[in-house]
Structure formats: C-alpha cells, structure tokens
There are 2 protein chains.
Amino acid sequence: MSAPADDLDLIGRHTAQRASVVRALIDHGGFVGAQTLHDVLKARGSRVGLNTVYRTLAALLDADRADVVHDRGGERLFRYRPSAEHRHYLVCRACDLSTAVDADVIETWAEHLARTSGFAEVEHTVELTGLCPQCCGS
Amino acid sequence: MSAPADDLDLIGRHTAQRASVVRALIDHGGFVGAQTLHDVLKARGSRVGLNTVYRTLAALLDADRADVVHDRGGERLFRYRPSAEHRHYLVCRACDLSTAVDADVIETWAEHLARTSGFAEVEHTVELTGLCPQCCGS
DNA sequence: GTCCGTGCAAATCTTTTGCAAGGTT
DNA sequence: AACCTTGCAAAAGATTTGCACGGAC
C-alpha cells in the first residue's frame with residue numbers, strides 16, 4: 001500500500017482533498033482523466049472540487065510523480081508514477097489498460113539527438129497505443 | 001513547388017477553400033495551429049470558415065498527408081507531410097522551428113514492442129521539443 | 001439534378017481563473 | 001495570525017455540430 005503522505009510533501013500542504021485525489025489516482029492504477037477522477041471522488045463521498053483535482057494533478061506532474069498522455073479527444077489522462085524516474089507506457093485503446101515499457105532505446109536515442117541536433121534542453125514524449133490481448137481477441 | 005491538386009484528390013472534392021487551406025499549410029512550412037492558419041487565410045483575403053480549416057486538416061490527417069503534435073496549451077499543431085511516410089520532428093519550444101529527424105531506431109523499437117507485448121495494432125506518437133541553435137543562444 | 005462541401009453561429013468540452021471562506025502551519 | 005488551499009461559478013480557448021445555401025460532379 002502506498003503512502004500518499006509522502007507524495008503530498010512534494011506538492012504542497014497536506015490537505016484531505018489532495019490526499020483523496022492522490023489516493024484515488026493511485027487506486028485507479030492506470031491512466032484516467034481529471035473529470036473521471038472527479039466523478040470517482042464524488043461517488044466515494046469526497047466533496048472535492050474539480051479545480052482541486054486539476055491543481056493536484058498539475059502539482060504531481062511538476063513533482064514528476066505522474067505521467068500524462070493525450071487521448072484521441074484531446075483530453076489529458078494521468079497516471080500515478082511511484083518512482084520519480086522517467087517512464088513510457090503502452091496503453092490499450094479499448095480498455096485503457098496500461099503497462100510500462102522498457103524504453104532505454106528511446107532514452108539513448110533522445111540523448112544522441114540532443115547532442116547532434118544543435119538543439120538544447122531536448123525533451124521527448126512517447127505515446128504508444130494498441131489493443132491488449134484481452135481486447136484484440138474479443 | 002508542390003501541387004495541392006494532388007493532395008486534394010486524397011481528401012475529397014476539389015474546392016477553392018480546401019486548395020487554399022492546403023496551400024497555406026504548405027507555405028507555412030512548419031507546425032501551425034488551425035486557428036492561426038485560419039487567421040493567415042483571412043489575412044490573404046481567402047474567406048474560409050474556421051470549420052473548413054478543421055475539416056481539411058482532419059482530412060489531411062486521414063490521408064497521412066499531415067502530422068500533428070500537441071503544444072503545451074493543449075492546442076493541436078499541424079504540419080504538411082510531402083510524402084506519405086511516417087515521420088517524427090524536433091520542434092523548437094521558442095520559435096516553432098521544426099526539423100524532421102531520423103527515427104529508424106524508434107520504428108524498429110516500436111515493431112519489436114508490437115511483437116513482444118501481446119498488443120495488436122500498436123501505434124506510436126513521438127514528440128520532441130527543445131531550443132534551436134538560434135533560440136538557445138539569445 | 002444529386003450530393004457533398006461551406007459558412008455562420010451555437011453548442012460542447014476541457015481546462016483555467018477570480019474571489020470569498022475555511023483549513024494548515 | 002499569516003498564508004495557502006478550496007469551492008463555486010464564470011471565463012477562456014479549442015474543436016465540433018446543425019442547418020440552409022451554393023458549388024462540384
């Protein structure tokens with residue numbers, strides 16, 4: 001079981017609202033939209049404002065404790081990141097199941113590109129989607 | 001010089017509006033937002049509706065004649081793709097200068113992932129940003 | 001002539017912001 | 001007590017949609 005308190009230290013003051021947002025994000029286990037997370041919290045009885053959800057997620061991103069991808073509708077989906085290390089994910093387009101993938105190749109390539117392109121402060125985003133074994137069979 | 005007529009064949013009927021949208025996208029040379037493109041067209045005197053710009057861009061994406069990236073504000077930026085082949089770009093965060101990069105490594109990695117992950121129809125998006133030589137010096 | 005594309009405006013949707021009230025340190 | 005955080009509502013911004021008209025085939 002994770003300890004949201006550790007994460008809260010990274011994103012500001014300890015409040016019940018932020019704790020419940022972080023807990024809900026962790027419990028969800030995969031990528032989830034801010035509005036969906038808000039709905040989940042409401043269903044749980046947590047009276048948390050939508051903008052608090054947004055701000056908490058933004059703070060987690062700032063602290064490198066969350067990853068973000070764009071879904072096809074332009075909505076941003078967030079996923080909790082237990083460690084502070086950079087990660088990439090393969091997400092199922094049908095059920096949203098997401099799995100972290102080994103992307104050392106990408107990191108190496110990105111570093112090489114940073115050195116040879118003349119560009120500074122090179123950052124990269126990699127989004128992988130597909131149909132998971134469960135979904136491509138059905 | 002490119003021939004928009006060839007592109008129009010891919011996206012539906014030949015109309016002056018679509019031609020001007022495609023022409024403007026090509027002339028721009030880099031990534032540009034739909035609304036900005038609309039402004040450019042207005043400045044040129046082309047009375048094209050914003051939704052026509054959106055539809056034309058969507059049609060180009062469908063036909064693999066355009067690439068899209070997300071800027072930090074959530075806006076989608078489009079770039080004309082002369083050939084139908086898959087490409088990746090390194091975009092300057094300051095001036096939007098974009099250059100295509102050699103991403104064979106990525107393609108190979110993505111294919112490998114598709115074979116080993118159990119996922120089907122794996123697609124990938126790679127977005128690279130940095131500060132170009134012009135901008136990181138200033 | 002038929003059907004698709006266009007334009008205008010309104011609607012939709014996500015995300016951000018203003019401000020007073022309440023909680024944290 | 002000082003300052004940050006919350007919540008509500010409204011604003012902002014991008015993209016899509018409804019519908020009547022006009023052009024393409």
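All values derive from a computational prediction rather than experimental measurement.
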Pull out every protein N or O sitting under 3.5 Å from an N or O of nucleotides 12-14 of chain D, one pair per line with the distance.
none

Between [N] ([atom2]) and [X] ([atom1]): distance, integer Å:
X	N	atom1	atom2	value
B:L57	C:dG5	CG	P	15 Å
B:L37	D:dT15	CG	P	12 Å
A:H38	D:dT6	NE2	C1'	12 Å
B:L50	D:dT15	CG	P	9 Å
A:R55	C:dC19	CZ	P	13 Å

Is B:D96 paired with B:R79 through a side-chain N to carboxylate O contact shorter than 4.0 Å?
->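 No salt bridge links B:R79 with B:D96.
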Contact class for A:R47 (heavy atom, under 4.0 Å): base, sugar-phosphate, or nothing?
->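 Counting heavy atoms under 4.0 Å across all strands, the contact made by A:R47 is with sugar-phosphate only.
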Say whether, by atom type as modelled, one donor and one acceptor occur between the side chain of [X] and the main chain of [Y] under 3.5 angstrom.
X	Y	value
B:D39	B:K42	no
B:R81	B:D64	yes
B:E127	B:H70	yes

Would you kindly compare A:V48 and B:A34 by the position of their nearest DNA chain D nucleotide and give the one closer to the 5′ end?
->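 It is A:V48, whose closest nucleotide lies nearer the 5' terminus.
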Test log, rule ring-ring contact (aromatic ring centres under 6.0 Å, His included), inputs B:F78 and B:F31 = CA-CA 5 Å; B:F78 303 83; B:F31 283 96; 8.8 Å; no
Do the side chain of A:N51 and the base of C:dT17 come within less than 3.5 angstrom through a donor-acceptor pair of N or O atoms?
->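 It does, because a donor-acceptor pair links the side chain of A:N51 to the base of C:dT17 below 3.5 Å.
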Where the side chain of A:Q17 is defined as all heavy atoms beyond and including C-beta, which of C:dT15, D:dT6, C:dG7 is the nearest nucleotide?
->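 From the listed options, D:dT6 comes nearest.
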Give the nucleotide from the list D:dA24, D:dT15, D:dG7 with an atom nearest to the side chain of B:R13.
->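 Between D:dA24, D:dT15, D:dG7, the one nearest the side chain of B:R13 would be D:dA24.
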Map B:T52 and A:G33 onto DNA chain C by nearest heavy atom, then report which one ends up closer to the 5' terminus.
->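 Here B:T52 is the residue nearer the 5' end.
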Would you say B:R18 reaches C:dT6's phosphate, i.e. side-chain N/O to OP1/OP2 under 4.0 Å?
->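 Yes, because at least one side-chain N or O of B:R18 sits under 4.0 Å from OP1 or OP2 of C:dT6.
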Phosphate contact (D:dG23 OP1 or OP2) by B:T15 side-chain N/O below 4.0 Å =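 The answer is no; no side-chain N or O of B:T15 sits under 4.0 Å from OP1 or OP2.
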Would you kindly say whether A:T52 and A:R18 are connected by a side-chain donor-acceptor distance under 3.5 Å?
->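 Per modelled atom types, A:T52 and A:R18 side chains form no pair under 3.5 Å.
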Do you see a donor-acceptor pair shorter than 3.5 Å between the side chains of B:H88 and B:H124?
->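 B:H88 vs B:H124: donor-acceptor pair found between side chains.
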